[in-house]
Structure formats: structure tokens, C-alpha cells
Amino acid sequence: MRIDDWHWLRDRDDPRVIAHLEAENAYTEAMTAASAGLRERLYEQIKGRIQEDDLSAPARRGGWWYWSRTTAGSQYRIHCRLADPDRRLDARTALAAAIAGDGQVILDENELAQGHAYLQLGVFALSHDQRRLAYAVDHHGSERYALRFRDLDGGADLPDAVDDVSYTAAWSAEGETVFYTRQDAAMRPHEVWRHRLGTPTEDDVLVHHEPDERFFVSVGLTRSRRFVLIAIESKQTAEVRYLPAADPHADPVAIAPRVQGVEYEVDHAVLPHGDAWLVRSNGPSPDGSPCPNFAVALVPLGGGAPRTLVAHREDATVSAVEAFAGHAVVHERVEGLERIRVVDLVSADQHVVEQPEPVYATGGSINAEFDADVFRFTYTSLVSPPSTVDYELGPRRRTVVKTQPVLGGYDPSAYRSERLWATAPDGTQVPISLVAGSGVPLDGSAPCLLYGYGSYELAIDPTFSSSRLNLLERGFVFAIAHIRGGGEMGRRWYEQGRLEHKRNTFIDFIACAEHLVATGWTSPERLVIRGGSAGGLLMGAVTNMRPDLWAAVVAEVPFVDVLTTMCDETLPLTVTEWEEWGDPVHDVRAYETIRSYSPYDHVEPVAYPAMYVTAGLNDPRVGFWEPAKWVAKLRVTRADQTPPLLLKTELGAGHQGPSGRYEAWRDEARVQAFVLGAVGIDA
């Protein structure tokens, strides 16, 4: 029998609960009052490295260039565009015009935030003719959005208003009809609706309803903007339905039937001999062989045999594919690093885009034009600030359009970035990405912050952070443990860290920490660990398993009461999560597996390290009560009450914490002050 003395903390309508959270916040503020000066210095250093008046690299869509900018003192972004009907501007001249202040403001998030403590922009979708904008905002952190429509010619919002929507939408070709999604009581996007501008929302039409509680529904357009796609996805299975964007009243048609365990995604390709679906799938290849790491094929729209474009490989995982008029851009992972492969859709000739550093991260950017011979992506590393890169497909030439400025004299040559490999107890080699000052000694004296996640097949890439310089300049080593359960090393890497294999995630993280200690990068009394959400589960699990290995723990919105949540089908997202964690309601083995590692169930009367824990009262992903209960149980159970145990709950935000950039910087400064204090650094 499980007895939960803190179950009452789940009821946010109970005045005692809010009083408890407020008391915890007051306690945290009192316990960190001595570091107020350090927090302020850290905040000013974060702010001082950021060019507050800045903008993104403009992206072309037809006769317009689009970008967003920030201004000093403003919390949120301002979205702009510049007319270029004759296509006379290139990316750099468009950037110069944007810097000069040319163009039209189409949406100012700061205006949307007036009178609200929180703002999150969800939908941001332009109509095909670019005369209207559909946008959606959340003012609470609940991830339930209000959808609005703006006439970009006149700048005013239309009277249409659709409340309580999810975060995807798509326009029909005629620009009068919009498809959007709604969530059920469990926060699962489960319906696609059709709204025609100028009509009452009560007349909106339900286009698709997904009754299976494991599946999320989203809606979008192909890059060609010729088809509306309805993606229906669980953690392990997918189905895609389509309808012509020019015929919004058509019934959606499935591209391929739903098969348990088979995932696929599609885009639309235009070939000389006819249209085709560009399909990324882990379904069996034409010869029947398995494709766990995914392959890419062209499937004729009118029927016919598929043609393999990128075959399945054991050493590379296809993570995404994008269609353009004459080519496909395939994103793949090899040894944990993202690569970009360009494939000619006619000849099937292909090449990999070379990158300048051995350890790096690439990401998607805005590529709004279908008929383009330039592909835009972002590039960064642990030492290189993010850059927007235009890659010309013909000459295979890369042009850096814009690099994020880092103020204050940042010198990348003062730091070293490395890839290390730890050995797990079962012999598995686990990659670690690391950055440190070039003069950091390998004698165990350096403080280290080790970050981890390891769930949902998400990869934590080695990206740059200007705020992280606060720690690096104070002698810290920063490392990322690319542990099983994440997506860095392929589908099998993920499979080996989920369901009944979940403990591998925690064991890998401990192995990475022990490797850093054994090789002299740090020592247990100088080692701080950090993770959030499912990474917060990781923090709780490894703290229970090896409390002696860490000087301090930062657990942000941690998923620590796993068993209780996975047993409660009334909670948001629980049923959809069973494919990730197991179904303890109907499967005794899954129940025992989850119970064996659920952090809340394994708090023991032992000495725990210093801990800083966060929560969000409006969090729909990890209930605020999970971190609150965990901290309460730790307070009365741990053997040594000396190390600080702090809980900070955002009472007006959700899973992502504060939404404004200045507030987010202050939040990060607070975490950094705790991290520094845990290893005895107070300046």
C-alpha cells in the first residue's frame, strides 16, 4: 500500500495549498537573501552580453521579407515585414534595410501582453496571399490559446475570435478559411475544426475527431502550400490525412493506414512525371527489412511503387525531411551530431553539407519558399554563437547572413569544446559534450555543471548560451550527458531508455558524472547537476541513487511523482504518456517498474545535497504539486537538514517559467547564484 501524506497539495482550490506555496517562496527568498547582490550582478552580466536592440535575419516569402526584432526594455518580440515585389533584395540587403528600421510592424507581442503578467504566442500563420495573419496567445501559461485574425493591409484585427484552441493552424488557399485544433480536458489536441472568416464560431465545422486518447492531432500545410495536412500521432504510431488547400470543404484522406508501431511524416514533392509524397518512415522497406532508424521514399500521389530516396542505415538516423521544388533536405544524426543531407529529387544525387567544427549543432530556420535554390539553417556550437546560414545548393556555397552578437568582448578561443565518451556498466559508450576555459586544470578542482534530459527521443544538442558565460568565466566546466532515452544516437538509443529499460537513463548519467570525476574534470564536492521536466525526473532518480555524487541539484518543473501521475487517467496527458513510461493501471509489471525508480517513492532518510526546485502553478505538463510534494517529503525525511532545500513556484506561469525575456534572465541569474553558492563561489 502507498501512503501519500502530501496528496492534499494537489488541490489548487484549497487555500492551504496556495498558502503553502507562498510560504515556500518566502522561505526561498529568505534563504537566498544573502546572494541578492550576486544575483543582480549575474543578471546584469547576462543582460550586458545581449544586444537588446536586435533582430532575426529576414526570410523571404514571395514578394515580402519577414523578421522579428526586440527593443531595449521590451519583454517580447515585434514581428515585421518589408515589401520586395520585384525581388531586388538579397538576404544581406534585406537585413540592412531591417536594421535601418524599414518595413511594417505586423504584430507587436508587447502590445498583446499589456495588462498581463504572462504571454506566449502560439499560432503565427500567414494566409497564402499574405494579406492576413492568424495568431493565438496564451496569457496564463496553461497552453490554451485565443485565436485572432489580423488584416495586414489595414493593421486591424477582424471581429472573428476563437477561444480555447491549441497551437497549430493552417489557411486554405482562398484566404477565407482557417483550420485549427482544440484540446480535450486532458490537454490533448484531439479535434480539427474549420472556421470561415465572417461567420459565427458556433457555425464552425468539425473536420476530424481523434477518439484514441494516445494520439495528438495537429494541422499544417505542405511547403508547397497545396495541401492541408492533419497529423495524428502517438509516441509510437502516426497517421497523416490530407485535403487540397484549394478545396477546404473536401474530406480528409489518409495517406497510409495507421499501423501500430509505424511512424511516418510527409511533405509534397513536385516531380517532372507528377506529384509525389516525400515520406519519412520507420515502416518496413520494400524488401521487408526493418527500418528503425527511418528511411525516405517518394510515393506517387496517384498510386504506384515507392522509390527509395535515402535508404535505412544502422549508423545514421533520419530525424526530419523537407521538400522543395527540385530537392529534399534530409536531417540525420550520426554519433549524436545533426547532419544536413541535400538530395536531388530527380537524379537522387546527394551530398552532406560540411560544417566547420567537429562538435556542433544545426537547426531548422525559416524556409518559406518552395521553389528555392537556397536552403537556410542555423549553426552553433558550445563556443560559437548561433548563426543564420544560407546554403546555395548548386555551387554548394554557404553564406553567413547573421551571427548573434555577444557583447562584452567574448573570445571563443579562450574556451575548449570537446566530445568525451563514458562507459556505462553494461559497456555502452555514452557521449558527453563539454566546454570549459582553455586553462581549466584537470586535477578535479574545477566546478562543473552537468546537464541531462534523456526522454521522448529528444536530443540535447551542444548549443551556445551567452548566459552560460557567467559560469565559464568563473572557472566552471559545462557538460551535457547524451544519455539513453534521448534521440542523439538513433531509435535504438531511445528504446534502450524507455519503458522497462528506463533505469538505463539514470545509470548512463551517473556513468558520465563518474567519468568526469575520474578524468579530472571535476570532483563530487564540485559537481552540480541540472535538468527540467523529464530531465527533472532524471535529477530526482540519480539523487536518490547517488546522493553522495553531487554537490547540488537543480530540478526545474521536475516530473518526480511518476507513479501517481501515470495511474491517474484524469490528469492531462497521462494516457498519451503510457507509451513512454508504461501503463501502470492495466499492467502490473509496468507498475512495479515505475515504482522502482519514481523519485517521490524513494525519498530516504539519507544525506541529500543542496537542492533548488521550481514549479509552475498553471503548468499543464507537470502538475505543480509534484515538485511541491517532493520537497515537502524531502524536508521531513532527509537525514541532514543543513544543505539548502528550496522550492520556487511561479504563481502566474506554466511549464516554461516566466515568459518575458528580462524576467527569464532574472530567473536564470537566480539559478546561477544557487549553483555558484553550492561550490563556494560568491563573486
Side-chain angles (χ1 to χ4, degrees), residues 24 28 46 118 120 141 143 433 448-463 465 467-468 471 478-483 485-488 497-498 502 505-506 508-509 512-513 527-544 550 552-562 565 572-573 577 580-581 597-600 609-631 634 645-651 653-659 661 663-675 678:
E24 286 281 9
T28 295
I46 292 173
Y118 184 93
Q120 186 66 45
E143 300 184 33
S433 296
C448 176
L449 180 62
L450 177 62
Y451 185 87
Y453 188 77
S455 292
Y456 300 112
E457 204 173 4
L458 294 179
I460 305 301
D461 286 317
T463 59
S465 166
S467 64
R468 188 186 301 139
L471 301 180
F478 175 78
I480 304 169
H482 301 291
I483 48 187
E488 290 90 342
R498 61 183 281 267
K502 188 60 197 172
T505 301
F506 318 136
D508 286 357
F509 189 84
C512 290
L527 177 57
V528 182
I529 57 176
R530 184 176 185 179
S533 195
L537 159 63
L538 169 69
M539 297 297 100
V542 300
T543 302
N544 285 335
W550 330 110
V553 178
V554 177
E556 295 166 293
V557 291
F559 180 37
V560 284
D561 194 10
V562 188
T565 295
L573 311 180
E577 298 282 280
E580 177 75 17
W581 310 103
Y597 64 74
S598 180
Y600 183 68
M611 303 179 73
Y612 185 88
V613 183
T614 69
L617 184 62
N618 300 328
D619 190 341
R621 297 176 182 269
V622 176
F624 70 89
W625 56 85
E626 293 203 31
K629 288 170 56 179
W630 185 45
V631 169
L634 281 163
L645 173 58
L646 308 176
L647 173 65
K648 176 70 165 64
T649 302
E650 293 292 337
L651 299 176
H655 197 63
Q656 306 300 328
S659 59
R661 59 175 182 157
E663 293 307 310
W665 298 342
R666 288 196 178 278
D667 191 59
E668 177 61 20
R670 182 181 293 273
V671 173
Q672 290 184 0
F674 171 82
V675 170

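Only this structure's heavy atoms are used, side chains among them; waters, hydrogens and symmetry mates stay out.
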By side-chain hydrogen bond (donor to acceptor under 3.5 Å, both in side chains), which residues pair with [X], not counting sequence neighbours?
| X | result |
| --- | --- |
| Thr28 | none |
| Thr543 | none |
| Glu668 | Arg530, Gln672 |
| Trp581 | Tyr456, Glu577 |

Spacing of [atom1] belonging to [X] relative to [atom2] belonging to [Y], to within rounding of 0.5 Å:
| X | Y | atom1 | atom2 | result |
| --- | --- | --- | --- | --- |
| Ser533 | His655 | OG | NE2 | 3.0 Å |
| Thr614 | Phe624 | OG1 | CZ | 14.0 Å |
| Ser598 | Asn544 | OG | CG | 9.0 Å |
| Tyr453 | His482 | OH | NE2 | 15.0 Å |
| Phe509 | Leu450 | CZ | CG | 3.5 Å |
| Phe559 | Met539 | CZ | CE | 15.0 Å |

>> Within the structure provided, determine whether Leu634 and Val613 are in side-chain contact (heavy-atom separation under 4.5 Å).
In response: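 No - every pair of side-chain heavy atoms lies 4.5 Å or more apart.
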
Q. Can you find a heavy atom in the side chain of Tyr612 that is under 4.5 Å from one in the side chain of Val553?
A.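 No, too far: nothing below the 4.5 Å cut-off.
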
List the residues meeting ring pair (Phe, Tyr, Trp, His ring centres under 6.0 Å) with Tyr600, not counting sequence neighbours, and say none if there are none.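 Listed in chain order: nothing, the list is empty.
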
Just to verify, what does Phe478 make a ring pair (Phe, Tyr, Trp, His ring centres under 6.0 Å) with, not counting sequence neighbours?
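For Phe478 there are no ring pair (Phe, Tyr, Trp, His ring centres under 6.0 Å) partners, ignoring immediate neighbours.
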
Can you see which heavy atom on [X] is nearest to which on [Y], and at what distance?
| X | Y | value |
| --- | --- | --- |
| Ala552 | Phe674 | CB-CE2, 4.0 Å |
| Glu663 | Pro658 | CB-CB, 3.8 Å |
| Glu556 | Val671 | OE2-CG2, 4.2 Å |
| Pro627 | Val622 | CD-CG1, 4.4 Å |
| Gly616 | Val557 | N-CG1, 4.1 Å |
| Gly654 | Tyr118 | N-CE1, 4.4 Å |

Not counting sequence neighbours, which residues clear side chain to side chain contact (heavy atoms under 4.5 Å, CB included) with Ala628? List them please.
->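 Side chain to side chain contact (heavy atoms under 4.5 Å, CB included) list for Ala628, sorted by chain: Leu9, Leu21, Leu647.
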
Subject >> Test side chain to side chain contact (heavy atoms under 4.5 Å, CB included) applied to Asp461 - qualifying residues, sequence neighbours left out >> reply: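 In terms of side chain to side chain contact (heavy atoms under 4.5 Å, CB included), with neighbours along the sequence ignored, Asp461 is linked to Arg333, Ala361, Ala459, Thr463.
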
Hey, could you give me each pair passing salt bridge (charged side-chain N to carboxylate O under 4.0 Å, His left out) that has a residue in residues 612-623? Not counting sequence neighbours.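 Listed by first then second residue: Glu143-Arg621.
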
Going by salt bridge (charged side-chain N to carboxylate O under 4.0 Å, His left out), name the residues that satisfy it together with [X], two or more places apart in sequence or in a different chain.
| X | answer |
| --- | --- |
| Asp667 | none |
| Glu650 | Lys648 |
| Lys502 | none |

With no hydrogens and no angle check, is any side-chain donor or acceptor of Glu488 less than 3.5 Å from a backbone partner on Ile460?
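Between the backbone of Ile460 and the side chain of Glu488 there is a qualifying donor-acceptor contact (under 3.5 Å).
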
Fill in: Val542 backbone acceptor or donor facing Trp550 side chain under 3.5 Å
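Side chain of Trp550 to backbone of Val542, a donor-acceptor pair under 3.5 Å: yes, one is there.
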
_Candidate pair Leu537 and Thr505, rule side-chain contact (heavy atoms from CB on, under 4.5 Å), full reasoning_ = CA-CA 10 Å; Leu537 159 63; Thr505 301; over 6 Å; no

